[in-house]
Protein chains: 4
Amino acid sequence: MSAPKKVVLAYSGGLDTSIILKWLQTEYGCEVVTFTADLGQGEELEPARKKAELLGIKPENIFIEDVREEFVRDFVFPMFRANAVYEGLYLLGTSIARPLISKRCVEIAHETGADAIAHGSTGKGNDQVRYELSAAALDPDLRVIAPWREWDLSSRTALIEFAEAHQIPIAKDKRGEAPFSVDANLLHTSSEGKVLEDPAEIAPDYVYQRTVNPEDAPNEPEFIEIAFEKGDAVAINGEAMSPATILTKLNELGGKHGIGRLDFVENRFVGMKSRGIYETPGGTVLLEAHRGIEQITLDAGAGHLKDSLMPRYAELIYNGFWFSPEREMLQAAIDKSQEHVSGTVRLKLYKGSATTVGRWSDQSLYSEEHVTFEDDAGAYDQKDAAGFIKLNALRLRLLAMRNRRLK
Amino acid sequence: MSAPKKVVLAYSGGLDTSIILKWLQTEYGCEVVTFTADLGQGEELEPARKKAELLGIKPENIFIEDVREEFVRDFVFPMFRANAVYEGLYLLGTSIARPLISKRCVEIAHETGADAIAHGSTGKGNDQVRYELSAAALDPDLRVIAPWREWDLSSRTALIEFAEAHQIPIAKDKRGEAPFSVDANLLHTSSEGKVLEDPAEIAPDYVYQRTVNPEDAPNEPEFIEIAFEKGDAVAINGEAMSPATILTKLNELGGKHGIGRLDFVENRFVGMKSRGIYETPGGTVLLEAHRGIEQITLDAGAGHLKDSLMPRYAELIYNGFWFSPEREMLQAAIDKSQEHVSGTVRLKLYKGSATTVGRWSDQSLYSEEHVTFEDDAGAYDQKDAAGFIKLNALRLRLLAMRNRRLK
Amino acid sequence: MSAPKKVVLAYSGGLDTSIILKWLQTEYGCEVVTFTADLGQGEELEPARKKAELLGIKPENIFIEDVREEFVRDFVFPMFRANAVYEGLYLLGTSIARPLISKRCVEIAHETGADAIAHGSTGKGNDQVRYELSAAALDPDLRVIAPWREWDLSSRTALIEFAEAHQIPIAKDKRGEAPFSVDANLLHTSSEGKVLEDPAEIAPDYVYQRTVNPEDAPNEPEFIEIAFEKGDAVAINGEAMSPATILTKLNELGGKHGIGRLDFVENRFVGMKSRGIYETPGGTVLLEAHRGIEQITLDAGAGHLKDSLMPRYAELIYNGFWFSPEREMLQAAIDKSQEHVSGTVRLKLYKGSATTVGRWSDQSLYSEEHVTFEDDAGAYDQKDAAGFIKLNALRLRLLAMRNRRLK
Amino acid sequence: MSAPKKVVLAYSGGLDTSIILKWLQTEYGCEVVTFTADLGQGEELEPARKKAELLGIKPENIFIEDVREEFVRDFVFPMFRANAVYEGLYLLGTSIARPLISKRCVEIAHETGADAIAHGSTGKGNDQVRYELSAAALDPDLRVIAPWREWDLSSRTALIEFAEAHQIPIAKDKRGEAPFSVDANLLHTSSEGKVLEDPAEIAPDYVYQRTVNPEDAPNEPEFIEIAFEKGDAVAINGEAMSPATILTKLNELGGKHGIGRLDFVENRFVGMKSRGIYETPGGTVLLEAHRGIEQITLDAGAGHLKDSLMPRYAELIYNGFWFSPEREMLQAAIDKSQEHVSGTVRLKLYKGSATTVGRWSDQSLYSEEHVTFEDDAGAYDQKDAAGFIKLNALRLRLLAMRNRRLK
């Protein structure tokens with residue numbers, strides 16, 4: 001395959017993607033365009049600009065963007081409408097960010113006339129898949145370069161040597177190996193590798209980055225109210241906020257109370273198990289609240305269908321199929337279900353837990369009139385239950401008669 | 001329909017089922033057999049015997065049994081193999097007990113020559129369905145009597161009058177209306193009705209019966225280890241125990257740390273929403289631990305299939321279809337998946353939360369050799385990922401080409 | 001419950017619904033509004049008007065409508081987008097018509113100020129459920145009267161006597177019992193009961209009404225082309241037609257070639273098995289053609305998701321839940337998948353079979369370039385398959401290693 | 001990677017696998033063991049022995065086996081218990097044979113001390129995946145060689161030259177390109193490629209190999225009876241037969257009546273669409289018959305669960321995951337459902353169609369007593385339906401009330 005001429009690199013400004021940047025220049029002799037996104041990872045972006053310039057990137061080839069609102073509005077919130085959790089527990093914080101980054105890389109390639117994009121994910125993980133499936137779906141001809149699968153810089157020493165040989169600045173604390181690897185965005189922080197590789201061992205305290213230890217959280221619970229419209233959070237404690245602002249605020253609240261820590265062993269799409277420490281403070285609160293508001297506004301038939309579709313939906317996102325027809329089909333079904341998921345949930349935040357303690361809505365389907373133990377004024381005729389049960393039992397009775405006959 | 005001659009009544013010894021007992025005698029002139037089960041509800045059973053005798057039941061017609069081991073071994077544990085939760089959150093504590101009670105009533109009917117069984121569930125709830133579907137599946141001809149759907153004792157006053165008229169002893173605190181209604185067994189305590197009927201209102205503290213308020217739980221976390229064999233818990237902190245003993249012990253531990261409280265609005269099978277407060281201390285710990293051991297011992301394909309089947313399995317149990325061919329089919333699939341789910345999980349219990357912090361097993365599928373960030377000595381060839389992604393992307397690429405062609 | 005004042009009756013003009021009409025008048029002393037729909041059942045409707053007048057219905061209370069286009073466009077076609085079949089074989093011809101009839105009854109009730117609707121379905125079948133669930137979803141307060149569940153006219157003799165006593169004209173051939181019962185509309189004819197009640201016995205030839213016996217069909221096959229747009233048939237042999245016209249034409253073609261006969265034992269929602277003979281000539285051709293066009297225009301991910309949702313979708317329609325949130329959710333997903341299902345299918349019709357023998361589309365995803373056994377000019381690199389397989393195999397290999405270790 | 005020392009080759013005796021045999025010898029200098037299976041493909045196997053000897057294979061390294069009974073008993077029949085069809089229509093005839101071949105290759109490798117197995121499937125198809133996933137699951141260390149993905153014999157000319165250069169006998173009709181490619185076993189014959197590559201074009205008559213054209217089938221229908229036990233066919237027309245004998249006989253019957261032809265465009269696991277012509281005469285009859293016997297012996301709950309699991313089960317087999325935990329889980333569920341699927345089905349075979357026209361069983365769940373239009377002597381109380389419908393409607397009514405309130 002011939003060398004690419006111009007490559008859009010998903011660039012964090014860190015040592016690894018700086019090495020990739022230089023490697024692309026030297027290996028392919030190509031022009032590099034950098035894309036650095038503010039996804040809420042909590043790092044300054046301007047240093048990335050400086051570093052890119054230092055590495056010879058032309059100013060017009062440096063793209064730095066705040067995509068937090070798009071991230072939450074178009075990716076995180078649609079996913080939370082589904083109550084998506086992967087393998088019972090993981091809130092998909094890394095998975096949901098990759099399609100957006102890939103999408104912007106593809107768009108920037110179109111804008112700048114680049115013929116390839118590149119990413120810094122390794123060949124063992126899920127992220128490479130998510131980047132590349134997204135890119136394939138958005139531009140079937142665009143080449144994707146994954147240096148970690150191509151180069152021979154297979155040890156930390158080799159990387160450092162390459163960096164030194166190419167005058168890439170190396171922060172002091174990056175010379176040695178990091179004790180674990182981190183990914184962060186507005187939804188979560190994940191940590192994995194190295195000191196975390198033995199799933200029997202308790203993760204050391206210093207791994208956690210955005211939540212306090214529940215033991216160190218306030219001794220008093222805090223009560224908050226989250227308002228929803230059509231399945232999306234729109235206000236906290238009565239104050240309307242934009243999607244990214246809401247998630248930021250919930251992160252603050254959740255983090256303070258030690259909420260959303262997960263020590264998890266998961267199945268990667270590439271076939272191996274891995275262990276990660278996830279911190280999803282705001283997302284954990286949001287999921288609990290969304291379930292709370294669905295409890296009174298969502299019909300049983302709709303809710304049970306959603307529950308049965310959720311594992312597949314979550315798997316699609318985890319595996320990188322955000323931009324696929326089947327994810328869009330499921331989204332259409334899920335969004336349809338959310339038309340009346342509006343109202344308010346009260347939650348208690350306390351030392352690691354977010355729990356729903358009240359919910360109300362003018363769209364509520366809860367009928368005190370029907371459910372009451374008191375006189376219901378004829379709303380419900382208990383005798384109807386006899387017929388209901390008899391017909392539900394009929395096939396079981398026919399089965400029992402058959403089985404008895406055969407004995 | 002002619003009157004039944006002999007009726008087996010699921011008898012708690014409380015006021016309501018005592019009234020039913022008497023009503024059966026007077027309404028039908030039939031002989032009554034009482035069945036009182038120790039399901040771990042935490043009440044003395046001998047008073048029920050005395051009360052039955054007082055109401056004229058012959059000694060040979062009084063059945064009092066400790067079914068706790070059967071309950072946990074044959075009902076609770078099989079259900080937990082599935083990680084079953086109804087509507088995302090409810091651990092099915094009431095649902096799973098009813099089939100066992102119904103089964104014993106049917107068996108006692110056969111032993112005593114009774115031609116009917118009776119239960120004390122109302123016509124608005126799920127329990128009537130669970131009792132009666134179970135009975136239909138186990139004996140298609142046996143009649144089931146549900147006095148609450150038949151009689152005209154529609155107010156508390158009418159009930160008390162009936163009791164007084166028939167010399168049924170009334171405890172002082174039962175004269176007035178209970179502020180809420182309770183069901184308990186070894187797996188959980190549920191409370192609903194009356195003061196809980198407004199789902200916007202925080203449940204009063206006095207509703208909770210077997211868990212302390214997380215605020216009142218110990219200020220120090222407690223670490224425990226649960227060992228599993230083929231999906232079932234078999235030991236705590238290295239000490240082997242019987243199923244019921246394990247659940248009892250976990251209840252103690254969970255209750256002490258305020259674990260397993262749930263404030264929930266659910267969809268009843270009979271079509272209405274209801275609000276309940278559930279306390280499932282041991283079950284909540286057990287579910288977390290079971291997920292933890294599955295993380296390292298269960299294959300991705302098996303796990304994802306289980307996840308996708310779970311909502312239907314939970315719905316079947318909730319709706320009363322324990323003794324149905326489809327529940328048995330799902331159980332066969334689930335049990336098949338548990339053959340290697342053996343090993344040990346370490347959990348942290350602290351102020352309302354049970355979290356997995358370590359897990360190990362000689363049946364582990366986790367391969368540090370494959371997942372490591374370090375040199376993997378050729379266990380995994382990162383270049384394979386390129387082909388993996390390219391073929392997974394092929395259909396997305398063909399879609400994108402088609403869609404572009406049509407523009 | 002007090003008597004209704006004005007009742008909209010789904011009225012066929014036949015003897016049974018005429019008896020119901022009179023019974024409503026005499027039993028409740030209420031005004032009756034008749035609704036007679038042309039659903040393509042192949043009967044004149046004007047006699048129904050005459051008969052209604054004869055039975056004293058005011059002209060303004062007689063509604064006779066041709067709803068064939070609405071039926072096919074808004075009910076049949078959306079259902080066929082899903083390739084819906086119940087229990088593997090049944091094309092839901094009766095099930096899909098009931099919601100439309102119920103909907104028009106409710107609307108006419110609103111227009112005429114009626115306080116109830118009534119239908120002529122028995123208490124053993126599915127149709128009562130379909131009518132009544134639809135009505136409940138469309139107007140929660142409207143009363144539904146099902147005379148067959150209420151009256152005591154439990155034998156043919158009693159019905160005939162009632163008819164004679166009330167001067168209801170009785171066609172000669174209706175005096176005796178019909179040898180089987182029939183329902184028909186533009187999608188199908190179903191026959192059940194009486195001579196068909198033994199599922200071991202071959203259905204007699206005279207049961208079939210709109211298809212010839214395959215043995216009597218033409219000895220030469222006929223080839224036709226059906227064009228689709230967004231999942232719906234829009235033309236036959238190049239001629240654009242309205243939905244109802246297309247189905248009419250396909251019925252003609254299918255019927256002539258003996259296509260679409262089904263001898264079937266199904267599970268009714270009410271818990272029993274029943275045997276029916278279904279004739280769905282046009283629908284059978286349409287299903288085959290729709291599958292044919294999907295083969296080249298639908299992506300694998302979308303198609304497999306559709307296949308997995310279909311049984312639930314079909315069950316919902318069969319059980320009467322057309323107007324339910326979960327059917328609408330599934331419809332949203334299915335409709336989303338059909339955006340590119342456009343193109344043409346060539347079918348061979350011959351002695352009972354409709355088989356796809358060719359299909360083409362400008363929206364095709366079939367890539368001869370990729371699939372060819374010949375030189376593909378680099379479109380597909382066979383070496384990619386090695387990596388694809390290795391990563392798909394990884395978890396199986398880890399399982400095998402674990403299992404070997406344990407031996 | 002070092003060269004293998006001894007390779008078990010799935011060897012048909014045809015030109016292509018003979019070239020592979022020689023290529024393995026020359027490329028790797030390894031010893032070759034040949035495995036030739038009689039799967040019912042209808043070819044003599046002894047010529048394969050002669051040819052292998054001619055190519056220098058030692059007699060003790062030539063394995064020729066009749067595996068037809070194992071194939072039908074352990075692979076085909078379990079699959080048919082599920083009514084498995086891929087993408088609505090394909091009976092998985094090729095997919096189900098590969099795991100067996102792979103399994104025997106692995107076993108022979110163990111017996112002969114071979115360190116690799118090899119197959120003759122190309123890098124574009126599904127069969128390579130099926131072989132290799134099976135092998136990985138059965139022996140995680142065994143190497144699999146796929147010459148088509150490795151060598152540079154990329155044209156027919158190159159292959160012929162290689163054959164000539166190595167004295168491989170070439171049948172006259174193999175010099176040119178075959179007009180299409182064929183795979184056959186006892187379940188089916190598939191044809192694809194070349195003249196079939198345009199899915200718009202009707203497949204030429206000469207493609208079909210084991211079914212007559214329906215036009216040429218007998219003008220009289222033939223009626224047969226198939227008896228089942230626990231979901232498997234055990235007798236035809238009252239004569240008990242072994243699994244392979246039954247399938248052979250059904251192939252004869254189906255083939256004679258032109259049954260089981262399928263012109264199909266499917267989605268391959270590797271991401272592309274392909275068009276195939278499948279002939280599955282006996283399988284098509286068997287599927288129809290199995291559905292027929294399930295109609296009266298399988299409960300609705302079990303049947304609907306089976307229907308909903310089937311697409312996933314079929315996809316697993318198609319994709320090569322026969323030896324996977326999730327296929328085994330589904331099989332456990334399916335097998336559980338078949339315990340009472342015993343009885344007899346009468347079918348009509350006529351010019352391309354197999355249709356059930358009667359079924360009976362001493363395990364039947366069909367209750368004429370319940371379903372009858374006649375007096376049912378109280379077996380079913382129609383009034384029960386009112387309660388059944390009212391409770392099923394309750395949530396729809398609550399929804400309608402909510403939605404009306406919001407207007």
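Labels below follow one simple rule: chain letters A, B, ... track the order of the sequence lines, proteins then strands, and each chain is numbered from 1.
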Subject >> NZ/NE/NH1/NH2 to OD/OE distance under 4.0 Å, A:Asp335 and A:Arg81 >> reply: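 Salt bridge present between A:Asp335 and A:Arg81.
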**OP:** Could you tell me which of D:Lys383, D:His370, D:Met401 has the largest number of non-hydrogen atom pairs under 4.5 Å with chain A?
**Re:** D:His370
Original post:
Any idea which of D:Asn392, D:Asp381, D:Ile389 has the most non-hydrogen atom pairs under 4.5 angstrom with chain A?
Top reply: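 Looking at each option in turn, the highest pair count goes to D:Asn392.
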**OP:** Could you look at D:Leu398 and say if it's the side chain, the backbone, both or neither that has a heavy atom under 4.5 Å from chain A?
**Re:**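 Both the backbone and the side chain of D:Leu398 come within 4.5 Å of chain A.
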Original post:
Any donor-acceptor pair under 3.5 Å linking the side chain of D:Arg98 with the backbone of D:Asp127?
Top reply: no
Original post:
For the residue pair D:His290 and D:Phe80, is the inter-centroid distance of their aromatic rings smaller than 6.0 Å?
Top reply: no
Subject >> Lys NZ or Arg CZ of D:Arg130 over D:Phe321 ring: under 6.0 Å, within 45° >> reply: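 Checked: cation-pi criterion not met.
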**OP:** Not counting sequence neighbours, which residues clear salt bridge (Lys or Arg N to Asp or Glu O under 4.0 Å) with D:Glu315? List them please.
**Re:**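 Partners of D:Glu315 under the salt bridge (Lys or Arg N to Asp or Glu O under 4.0 Å) test: none.
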Against chain D, label [X] side chain, backbone, both or neither, depending on which of its atoms sit under 4.5 Å from a heavy atom there.
X: A:Tyr380; answer: side chain
X: A:Leu365; answer: both
X: A:Leu396; answer: neither
X: A:His340; answer: both

**OP:** Could you label the plane-to-plane angle of the A:Tyr318 and A:Tyr86 rings as parallel, tilted or perpendicular, counting under 30° as parallel and over 60° as perpendicular?
**Re:**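 Parallel, since the angle between the ring planes stays under 30°.
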